[in-house]
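All values reported here derive from a predicted model rather than from experimental measurement. Throughout, protein chains are lettered first and strands after them, A, B, ... in sequence-line order, and every chain is numbered starting at 1.
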Protein chains: 2
Amino acid sequence: MPGPIQPELFPQIREAFRLYLRRRGIKDTQARRSILDIVLDFREHFEAEQVLYALKEAGRRVGKATVYRTLPLLVDAGILKEVRFGKKQAHYEQVYGQAPHDHMVCRRCGIIYEFDAEEVIALRHRIASQKRFHADGHRFQLVGLCEHCATAPPQV
Amino acid sequence: MPGPIQPELFPQIREAFRLYLRRRGIKDTQARRSILDIVLDFREHFEAEQVLYALKEAGRRVGKATVYRTLPLLVDAGILKEVRFGKKQAHYEQVYGQAPHDHMVCRRCGIIYEFDAEEVIALRHRIASQKRFHADGHRFQLVGLCEHCATAPPQV
DNA sequence: ATGCTTGCAAAACGTTTGCACAGGG
DNA sequence: CCCTGTGCAAACGTTTTGCAAGCAT
């Protein structure tokens, strides 16, 4: 269900990041490029720690602080989105060229499903215009039980 | 805009908590009652640290650990709800006897407005039944600029 | 050349836990 | 009276920061 990313898009995304950095007047460094590359390979949601680990795996020597400093840039560049699932850590997912979607989180087993955000965006616009709020984004999650947990016997 | 709570409801809420504790077979202690009382006096969203501080102010000697252990009980009892605004800390707000609502968060100044959740709940049900997910709750926030920040000149 | 960026380690932060003592049922 | 709940302090995991050295522009 979750959206993998087509490798054909990679060059386009790298270019978008390069342009973003130039536009913001910040440097196009090796570390930042490495982080982008690692991040493009994730299929699902991931957290900073996983980026750090994958960088080590790939033999790229990038420090933890740099990861934490770069992820917000990728968010600002429109390549990633920060998603919070009620845990303390931030999670991220790719958004570049992906259809907008939101998440359903099973309270029992933690599984996460995605669903199309079209209707949510329509509702967002309706509410924002009523309240004179200039909404350009939203966070939306359904919380409950997945089909399996809902029919399974009560926990031990 | 945010929902203050009517003091007339206080006894009813205290009673609800007492019943909740009895039903769960856990003790109705002085510390737990103190925390409930403090929490009822907040008008807006608050975090654990503020509860701790207000307890000190009120001369009630309650430890930090007890606050962190009690807030989830109040959530489970249906008196509070945990709300996350993308920060690392949890925020809480009263829900007992309050109309369901969600939040709009201004990205620039951080101001938070509430809006009625009726339409959101309807949408939640529609999506959940399509996806065979048993949703009994949701998290929803609009993110953008409030009227003031949208018309103000760009930041310094 | 110069100043943003990096990596490291240490600090900060909110939250959780281990433990001996206190207090509710 | 027993056993849960408490307070303290220390541990925890994530994120941020200070700083000297490195590297884009």
Give the residues of residues 59-70 of chain B touching DNA chain D, defined as any heavy atom closer than 4.0 Å, sorted by residue number.
B:Arg61, B:Val62, B:Gly63, B:Ala65, B:Thr66, B:Arg69
Which parts of residues 12-21 of chain B get close to DNA chain D, meaning a heavy atom less than 4.0 angstrom away?
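Residues of residues 12-21 of chain B under 4.0 Å from DNA chain D: none.
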side-chain contact (heavy atoms from CB on, under 4.5 Å) between B:His103 and B:His91: does it pass, once the steps are laid out?
CA-CA 13 Å; B:His103 305 274; B:His91 288 244; over 6 Å; no
Over its full length, what angle do the end axes of the helix from C:dA1-D:dT25 to C:dG25-D:dC1 make, each axis taken from five pairs and the result rounded to 10 degrees?
30°
Would you compute the distance between atom [atom1] of [X] and atom [atom2] of [Y] and round it to the nearest 0.5 angstrom?
| X | Y | atom1 | atom2 | result |
| --- | --- | --- | --- | --- |
| A:Ile79 | A:Leu71 | CD1 | CG | 11.5 Å |
| B:Asp136 | B:His125 | CG | NE2 | 9.0 Å |
| A:Gln89 | A:Phe46 | CD | CZ | 13.5 Å |

With a 4.0 angstrom cut-off to heavy atoms of chain A, pull out the first and last contacting nucleotide of DNA chain C, in 5'-to-3' order.
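First-to-last contact on DNA chain C, by the 4.0 Å heavy-atom rule, is C:dG3 to C:dC8.
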Taking everything shown except [X] itself, do over 12 heavy atoms lie less than 6.0 Å from its [atom1]?
| X | atom1 | answer |
| --- | --- | --- |
| B:Phe10 | CZ | yes |
| A:Glu82 | CD | yes |
| A:Glu118 | CD | no |

So which protein nitrogen or oxygen atoms get under 3.5 Å of nucleotides 21-25 of chain D's nitrogens or oxygens?
from, atom 1, to, atom 2, distance (Å)
D:dA24, N3, A:Lys27, NZ, 3.4
D:dT25, OP1, A:Asp28, N, 3.3

Same cluster or not: are A:Leu80 and A:Tyr68 linked, directly or through other Ile, Leu, Val, Met, Phe, Trp or Tyr residues, by side-chain heavy atoms under 4.5 angstrom apart?
no
If the threshold is 4.0 Å, N to carboxylate O, is there a salt bridge linking B:Lys87 and B:Glu47?
no
I'd like to know if A:Arg33 and A:Asp28 make a salt bridge, using a cut-off of under 4.0 Å between side-chain N and carboxylate O.
yes
To the nearest Å, give me how far apart CG (B:Leu52) and P (D:dA9) are.
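Whole-Å distance recorded here is 13 Å.
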Could I get the full list of side chain to side chain contact (heavy atoms under 4.5 Å, CB included) partners for A:Thr29, not counting sequence neighbours?
A:Lys27, A:Ala31, A:Arg32
